[in-house]
Amino acid sequence: MPMGHTATQQAGSGGLKATEHRLANGLRVVLSEDHLTPVAAVCLWYDVGSRHEVKGRTGLAHLFEHLMFQGSAQVTGNGHFELVQGAGGSLNGTTSFERTNYFETMPAHQVELALWLEADRMGSLLTALDEESLENQRDVVKNERRQRYDNVPYGTAFEKLVAMAYPEGHPYHHTPIGSMADLDAASLEDAREFFRTYYAPNNAVLSIVGDIDPEQTLAWIEKYFGSIPSHEGKRPPRDGTLPEVIGGQLREVVEEEVPARALMAAYRLPHDGTRESDAVDLALTVLGGGESSRLHNRLVRRDRTAVAAGFGLLRLSGAPSLGWLDVKASGGVEVPAIETAVDEELARFAEEGPTPQEMERAQAQIEREWLDRLATVGGRADELCRYAVLFGDPQLALTAVERVLDISPEEVRAVAAARLRPDNRAVLVYEPVQGAEDAADTAEAAETDAEGEAAQ
């Protein structure tokens, strides 16, 4: 093994295995060998997200995700995309509250190319970062905000609910997209300092999964990443601790040009990585995970007061997670009628818990989703990085299914009773205003669809 490496023993579950290694500069490496298909995934997680940002400079983490595709010392312009796609691979990057990740899925014989590209921008992006590339990507991100948030129906709902659920000054109070004003205020030196602070090997985890030769792969990693210096100037994220419940119902009515009335709510839920978070995931699956869920059956099929009803979990490790309720009203139905029905279903669930059939179905649904994700080289690489960055142990990704299947119905009922309460939610009520004709047409089409589904 090359100098500077340390390694841990293998661990595995269900035939999946992973080995861990560390370079002298602090880069953590996770390898999972799988020769089922001649492809491999390269995934790199940096321990930086919007929770690391400060007031007045929100959106830098997401902006930098874009800047990382603007060229480095050996790769100019759009070269990263061109080289990967020209070699038959695919690639992307994403930003969240808690991390930024970059990933390629390559033909197995092209893994070295992906490693070289990731190392080149980790080690030399600052040589290519200038005012032109900053302005170019600033405009791209601002346009993304317009298209995904500001100029679409219900587009700012998530941003509004997050700001309500996490109080002013909390590191999760703002979403990764950032504000237009802060994006305009970001300077070239702000971007350079952000890179120097967070884009260092000792602040990253690299996972490679698929049809690889581990010894050769480690040699390439040492060759391309080993000379990149570490950086010790990272500031830890601000404390995200909050009380378990909000302690009252926060509420805002939004009057906009939307196709239909809507009830949306965010509930403060247990931190990711806990047994309670797995239990609440099962609770939300029973209540709002698909067309067999209680809320869909009650609101869409039985009462016919909604055209869609869902309840999902946003897992967060550095702050309370969020339960996301989203109900779109049908026809002229008023939101209070929907809200009353939702509260009745939540109260009944808190008292009775899931039936054996619901519990079995919810566990099977989550198990299938997990196994589907771990079955792909890209999905497994991402989960290995996730557990390494957020929880310190990539092996936890390989036993996640077992932990979900170990949850009892009483645990599911108890966490629902403790957290899915009216005094533990931020609520948005959307009321349509007279506007574009297409909004009315969409509402009419949605009502027709709901009538057809309810009649089936």
Side-chain angles (χ1 to χ4, degrees), residues 10-18 30-45 88-94 96 98-99 101-108 111 114 205 207-212 272-275 277-293 296 308 310-317 321-324 326 354 357-391 393-407 412:
Q10 286 192 351
S13 176
L16 302 180
K17 296 183 181 296
V30 185
L31 304 181
S32 182
E33 192 177 355
D34 182 349
H35 301 288
L36 186 63
T37 56
V39 296
V42 173
C43 183
L44 186 59
W45 272 47
S90 61
L91 72 162
N92 213 331
T94 68
S96 76
E98 300 181 326
R99 59 97 185 107
N101 68 342
Y102 303 90
F103 45 92
E104 295 88 8
T105 298
M106 308 290 288
V111 167
V205 172
S207 68
I208 302 93
V209 174
D211 188 13
I212 59 173
D272 191 17
T274 63
R275 192 173 177 90
S277 68
D278 289 332
V280 84
D281 198 357
L282 288 164
L284 299 188
T285 301
V286 172
L287 288 164
E291 295 185 3
S292 64
S293 68
H296 185 91
F311 214 163
L313 176 63
L314 173 63
R315 288 179 175 264
L316 298 170
S317 65
S321 300
L322 283 185
W324 178 271
D326 186 352
Q357 294 80 11
E358 287 175 327
M359 189 71 180
E360 181 180 4
R361 186 166 57 242
Q363 286 180 315
Q365 183 173 330
I366 293 176
E367 179 184 22
R368 186 191 69 247
E369 292 167 356
W370 259 105
L371 294 179
D372 285 349
R373 186 152 177 75
L374 293 181
T376 68
V377 293
R380 196 186 321 162
D382 193 58
E383 291 300 336
L384 289 169
C385 278
R386 173 185 166 221
Y387 278 95
V389 169
L390 300 180
F391 307 109
D393 184 2
Q395 310 294 350
L396 291 171
L398 306 181
T399 57
V401 171
E402 298 169 19
R403 293 192 294 277
V404 171
L405 298 180
D406 190 50
I407 300 296
V412 175

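Atoms CH2 and CG, on W45 and L390 in that order, are 5.0 Å from each other to the nearest 0.5 Å. For the atom pair L36 CG and T376 OG1, the distance stands at 11.5 Å (nearest 0.5 Å). Separating the CD atom in E402 from the CG atom in L396 is a distance of 11.0 Å, to the nearest 0.5 Å. In this structure, CD in E358 is found 12.0 Å from CD in Q365, a value given to the nearest 0.5 Å. One distance of note links CG of L384 with SG of C43; it measures 8.5 Å at 0.5 Å rounding. The CG atom of L284 sits 5.0 Å away from atom CZ of F311, with the distance rounded to the nearest 0.5 Å.
Shortest non-hydrogen contact noted between S293 and T285 is CB-O, 4.1 Å. Across all their heavy atoms, C385 and V205 have their closest contact at SG-O, 3.5 Å. Closest of all the heavy-atom pairs between V401 and E367 is CG1-CG, 3.6 Å. When all heavy atoms of A397 and L374 are compared, the pair lying nearest together is O-CD1, 3.7 Å. Here the shortest heavy-atom pairing between A41 and A381 reads CB-CB, 4.1 Å. Scanning both residues, A375 and R380, for their nearest heavy atoms gives O-NH2, 4.3 Å.
For R373 (side chain) and D382 (main-chain N/O), no donor-acceptor pair under 3.5 Å exists by modelled atom type. The backbone N or O of V404 lies less than 3.5 Å from a partner atom in the side chain of Q363, making a donor-acceptor pair. A donor-acceptor pair under 3.5 Å links the side-chain atoms of S32 to the main chain of K17, judged by distance alone. The backbone N or O of S277 lies less than 3.5 Å from a partner atom in the side chain of T274, making a donor-acceptor pair.
Scored by the side chain to side chain donor-acceptor pair (under 3.5 Å) test, T94 finds R99, N101 as partners (sequence neighbours excluded).
L314 places none of its side-chain heavy atoms less than 4.5 Å from the side chain of S321. Within the 4.5 Å cutoff, the side chain of E98 has no heavy atoms near those of the V389 side chain. Counting heavy atoms from C-beta on, the side chains of M359 and V286 never come closer than 4.5 Å. Inter-residue side-chain proximity for R315 and V280 is flagged as unmet; no heavy-atom pair is nearer than 4.5 Å.
Between E383 and R386 there is a salt bridge, with a side-chain nitrogen of the basic residue lying less than 4.0 Å from a carboxylate oxygen of the acidic one.
Taking a 6.0 Å sphere around CD of E369, one finds it holds more than 12 heavy atoms contributed by other residues, nucleotides or ligands.
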